[in-house]
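The first residue in the sequence is number 1, and the count goes up from there. Atoms within a ligand are numbered from 1 in the order they appear, just like the ligands themselves.
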Amino acid sequence: MTLKIACIGAGYVGGPTMAMIAHKCKDIEVTVLDINEERIAAWNSDRLPIYEPGLEEVVFACRGKTLFFSTECEKKVAEADVVFISVNTPTKTRGVGAGYAADMTYWEGAARMIAKVSHSPKIIVEKSTVPVKTAQAVERVLSNNVLNDGARFDILSNPEFLAEGTAIKDLENPDRVIIGGRQTPSGLKAIQTLKDVYAQWVPEEQILTSNLWSSELAKLAANAFLAQRISSINSISALCEKTGADVSEIAKCIGADSRIGPKFLNASVGFGGSCFQKDILNMVYICRGLGLQEIARYWESVVTINNLQKRRFVDIVISSLFNTVRGKKIAILGFAFKKDTGDTRETPAIDVCNGLLDEGANLAVYDPQVTEERMKTDLSLDKFEWDHPYTQRKAKEVDDHIECCDSVYKACEGAHAVCILTEWDEFKTLDLKKIYDSMVKPAFIFDGRNVVDGKHAKEVGFVFYGLGKPLDPFLTDPSSPCSP
Ligand code: UDX
Ligand code: ADP
């Protein structure tokens, strides 16, 4: 083995990324570390802690050969040449910047640990998304805490662009890899070392190098642009419902412009996931701190539209069900923040379910990948609490009004309405007649992902709402002047 890599943090980013490096580079020993013993035990078991298509094959092929999972953080970091930091950077829930700024406690803890145990030169790589200028803070923590002779650090920023559900594909075939570093002789040498790792499977022209700050900001900017695109099409969906236009047709028309492109134009009940909202709020916080108030407001509006979209959906369900959902069974199909993942972080389902629970509804939830425990925990947590694994959580009582079902048909039986919140493929081929026959009439479908064939649903007898589609006359638009 020529190079030893350690990665602090065995989460959604650290686990798959390190598995791909170990899989592609037979001359590198990669150890993924975490303080969470349960998580490491799962990585070492047959049932990995995260669901990601293709991940098992990659992990099982190299685990125990070039890939290791361990809780011996200090020992493995001390032995490593390159240390990736991939710990969580939750949005602060209290103190200065609460609701916007990133909480850097885990980061600083990792940096101080590296300083304490290092006896040799190391390259430190920021992997998780961090606020701009984090590298500088890490450099300061490290350089002021070098305890041992021989320790010296070069800091690199190497943001991860993988999307969940396609992580393995994205890692195997990335659009680009970005490596930012100091433009000094030792910084450039560190950049080259990391470049050589990726060059074992990524074409050189796709490995972009830059200064540290560009690399850090590029990650926030990429997520902000992607989220902005969804809020843009979602804002158009609201306009479509009012005008009789169809958002899918609009997306097709505007996506045909090669400058706009067809991807990422699916209107939805809102974007979720661990990155978009967090990164935008973080950018808003940075802008405010730099006196860029207008720019902060511009980016914050992306989150405002996202929240509005979820609220709009809840409002149309309630107003269409004759302005009351109290005591009514409502089937929720899909809880994950998108298909092909079991991840529920910031999923729009949480806000939609909470909106309906607040009105006294009884929810029957079905998701092929999300466990009952996960759903109930999510619905009990306060905003941003999900990303603070080691803090005391409040628990709201949700048991009485949530039923978790192991099939779509069980969830829909006896329900007044069906809400589709995740675009799982299996929802495209539902037996609508069977569902309709088992429901209370009039039976409603509220399709927040446009996966159901609306024409067929109406033929079967449903009152059908498709997000951003012309409104069915039987639906009640909560904001219309004629609404009761
Ligand atoms: C995102 C970025 O894509 C990735 O590059 C970054 O590293 C992490 O954040 P991820 O959160 O895994 O990845 O999922 P993504 O596929 O981007 O979807 C985010 C959310 O947007 C999901 O809730 C998805 O349903 C929603 N979405 C996406 C839409 O509503 N419409 C679309 O057209 C695309
Ligand atoms: P991401 O989506 O960015 O990968 P996750 O929350 O899934 O984030 O994973 C981050 C992981 O980092 C968690 O499993 C957490 O236990 C771990 N972690 C946080 N701080 C430390 C630390 N100081 N040392 C080792 N692991 C840590």
Side-chain angles (χ1 to χ4, degrees), residues 6-18 32-40 42-43 49-50 52 70-74 76-77 83-90 103-114 127-130 159-167 170-171 174-176 219-220 222-227 229-234 237 247-248 251 255 262-280 306 309-310 334 336-341 343-349 386-390 421-424 448-450 467:
C7 173
I8 306 177
Y12 284 87
V13 173
T17 314
M18 292 305 119
V32 193
L33 304 162
D34 208 294
I35 40 179
N36 182 335
E37 288 181 9
E38 222 176 287
R39 208 164 209 185
I40 290 298
W43 279 112
I50 59 177
E52 198 59 63
S70 165
T71 50
E72 287 184 305
C73 299
E74 297 195 354
K76 294 295 173 184
V77 165
V83 181
F84 284 79
I85 308 184
S86 193
V87 300
N88 33 333
T89 48
D103 180 343
M104 300 304 287
T105 314
Y106 303 110
W107 251 90
E108 193 178 327
R112 286 187 187 275
M113 184 268 276
I114 296 171
K127 194 69 190 162
S128 34
T129 313
V130 287
E160 187 47 66
F161 293 98
L162 65 83
E164 286 176 36
T166 53
D170 297 340
L171 287 165
D175 286 349
R176 76 311 204 183
K219 169 69 191 196
L220 291 180
N223 276 344
F225 266 60
L226 291 168
R229 215 170 140 90
I230 302 167
S231 278
S232 296
I233 197 71
N234 282 345
S237 76
V247 76
S248 307
K263 292 185 185 164
F264 244 69
L265 280 179
N266 292 320
S268 66
V269 61
F271 61 72
S274 66
C275 292
F276 283 177
Q277 172 172 283
K278 185 169 94 177
D279 291 354
I280 290 182
N306 198 48
Q309 190 74 346
K310 293 179 268 190
F337 81 98
K338 64 176 187 180
K339 73 169 181 176
D340 292 337
T341 176
D343 193 355
T344 60
R345 294 179 292 176
E346 292 293 344
T347 176
W386 56 267
D387 210 6
H388 292 263
Y390 305 110
L421 304 184
T422 312
E423 74 284 21
W424 286 104
R449 294 285 187 168
N450 287 328
L467 195 129

Pick, from [options], the option with the minimum heavy-atom distance to [atom].
atom                    : options             : value
atom 22 (C) of ligand 2 : T71, I35, L162, I85 : I35
atom 24 (C) of ligand 1 : Q277, K338, E346    : K338
atom 20 (C) of ligand 1 : A349, G272, G273    : G272
atom 19 (C) of ligand 2 : T17, V13, N88       : N88

Legend entry - Salt-bridge contact E160-K127 (side-chain N to carboxylate O under 4.0 Å):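 Between K127 and E160 there is a salt bridge, with a charged N closer than 4.0 Å to a carboxylate O.
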Legend entry - Polar side chain donor-acceptor pair, Q309 to S237, under 3.5 angstrom: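 Present: a donor and an acceptor within the cut-off.
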Give the numbers and elements of all ligand 2 atoms closer than 4.0 Å to a heavy atom of [X].
X   : answer
G11 : 4 (O), 5 (P), 7 (O), 9 (O)
I8  : 22 (C), 24 (N), 25 (C), 26 (N)
S86 : 10 (C)

What part of [X] sits under 4.0 Å from ligand 1 if we count only heavy atoms: the side chain, the backbone, both or neither?
X    : value
E160 : backbone
I230 : side chain
N223 : side chain
A163 : both
R345 : neither

Inset, instruction - Answer with side chain, backbone, both or neither: which part of R39 has a heavy atom less than 4.0 angstrom from an atom of ligand 2? - result: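 Side chain only.
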Does any N or O of ligand 1 fall below 3.5 Å from an N or O anywhere on [X], backbone included?
X    : result
P348 : no
E423 : no
L162 : yes
F161 : yes
E164 : yes
F276 : no

Legend entry - Min heavy-atom dist K339 to ligand 1 below 4.0 Å: no
Inset, instruction - Take every heavy atom of K219, measure it against each atom of ligand 1, and state whether any distance is under 4.0 Å. - result: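 Checking ligand 1 against K219, which is what was asked, there is a heavy-atom contact under 4.0 Å.
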Kindly compute the distance separating [atom1] ([X]) from [atom2] ([Y]), expressed to the nearest 0.5 Å.
X    : Y    : atom1 : atom2 : result
L33  : S86  : CG    : OG    : 11.0 Å
R39  : I50  : CZ    : CD1   : 7.0 Å
S70  : D34  : OG    : CG    : 10.0 Å
W107 : I8   : CH2   : CD1   : 9.0 Å
K278 : N223 : NZ    : CG    : 10.0 Å
T105 : N88  : OG1   : CG    : 9.5 Å

Counting distance only, does the side-chain N/O of [X] pair as donor-acceptor with the main-chain N or O of [Y] below 3.5 Å?
X    : Y    : value
W43  : G15  : no
K338 : E164 : yes
S128 : V87  : yes
R345 : G273 : no

Legend entry - Over all atoms of both residues, closest heavy-atom pair of S268 and R449: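 Here S268 and R449 meet closest at CB-NH1, 3.7 Å.
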Legend entry - Nearest heavy-atom neighbours spanning I85 and I114: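 Residues I85 and I114, closest heavy atoms: CD1-CD1, 3.8 Å.
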Legend entry - Enumerated ligand 1 atoms positioned under 4.0 Å from heavy atoms of C275: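 The list of qualifying atoms is 8 (C), 9 (O).
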Inset, instruction - Report yes or no: does R345 have a heavy atom closer than 4.0 Å to ligand 2? - result: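 Judged by the 4.0 Å heavy-atom criterion, R345 does count as contacting ligand 2.
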Legend entry - D34 N/O to ligand 2 N/O under 3.5 Å: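 Yes - when backbone and side-chain N and O of D34 are compared with those of ligand 2, one distance drops under 3.5 Å.
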